[in-house]
Amino acid sequence: MVILSNSQDPTKNGFVDFLQNYGIFLAIGVAVIVLGAVVAVLLLQRNKKEVAPKKEYSSNEVFDALGGKENVLSHSIAGSRISLTLSNYENIDEKKLNELGVSSIIKMSNKITLVVKDDPNSFYKMFN
């Protein structure tokens, strides 16, 4: 048990005795924590994924996968989602869209939503 004293006499101070007896263990503990933190930071920096280069999308390929340019009636973007209104939803080539970078396709009664996670803005630019 450690007793802290208000005495000015260092020989009667329990805290000084505690440090004399256990100071080396405290120092080793702090050193281990600091070393662990440094190793963790180095490992995190080493394992960081490199930023993937922006993909170049061919508008012809995308429009072909959507059934042609004339099949796209309207379009809008919100984050990673591109909403499209098409004249014929049966002309969509989902496999080709997935190859072009569309991670998922959400079909609704009056529109279709393409989720593009890599670079949705570059993908959307070809609709303008």
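The residues of the chain are indexed from 1 along the displayed sequence. Computation of the quantities below employed the complete heavy-atom set of this structure, encompassing side-chain atoms and omitting hydrogens, waters and symmetry-equivalent molecules.
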Heavy-atom side-chain contact between [X] and [Y] under 4.5 Å:
{"X": "Ile106", "Y": "Met108", "answer": "yes"}
{"X": "Leu86", "Y": "Val72", "answer": "yes"}
{"X": "Leu114", "Y": "Tyr124", "answer": "no"}
{"X": "Ile105", "Y": "Leu97", "answer": "yes"}
{"X": "Ser87", "Y": "Asn71", "answer": "yes"}
{"X": "Asn88", "Y": "Asn91", "answer": "yes"}
{"X": "Val30", "Y": "Leu26", "answer": "no"}

Practice task
Using the salt bridge (charged side-chain N to carboxylate O under 4.0 Å, His left out) rule, collect all pairs that involve residues 72-95, keeping only residues at least two apart or in two chains.
Solution key: Glu94-Lys107
Problem - Joint hydrophobic cluster, Val34 plus Val41, side-chain heavy atoms closer than 4.5 Å - result: no
Practice task
Treating Ile, Leu, Val, Met, Phe, Trp and Tyr as nodes and any side-chain heavy-atom pair under 4.5 angstrom as an edge, say whether Ile33 and Ile28 lie in one connected cluster.
Solution key: no
Practice task
Identify the two heavy atoms, one from Ala65 and one from Leu100, that lie closest to each other, and give their separation to 0.1 Å.
Solution key: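 Between these two residues, the closest heavy atoms are CB-CD1, 4.5 Å.
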Exercise for the section: Could you tell me which non-hydrogen atom of Lys111 sits nearest to which non-hydrogen atom of Ser83, and how far apart they are? Expected result: NZ-OG, 3.8 Å
Hey, could you give me the [atom1]/[atom2] distance between [X] and [Y], rounded to the nearest 0.5 Å?
{"X": "Tyr89", "Y": "Ile92", "atom1": "OH", "atom2": "CD1", "answer": "7.5 Å"}
{"X": "Ile112", "Y": "Thr85", "atom1": "CD1", "atom2": "OG1", "answer": "10.5 Å"}
{"X": "Thr113", "Y": "Ile77", "atom1": "OG1", "atom2": "CD1", "answer": "11.5 Å"}
{"X": "Leu84", "Y": "Ser76", "atom1": "CG", "atom2": "OG", "answer": "7.5 Å"}

Exercise for the section: Verify the neighbour count for atom CG of Leu42: are there more than 12 heavy atoms of other residues, nucleotides or ligands below 6.0 Å? Expected result: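 More than 12 within 6.0 Å, yes.
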Practice task
Say whether, by atom type as modelled, one donor and one acceptor occur between the side chain of Ser104 and the main chain of Val115 under 3.5 angstrom.
Solution key: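 Checked: no pair found.
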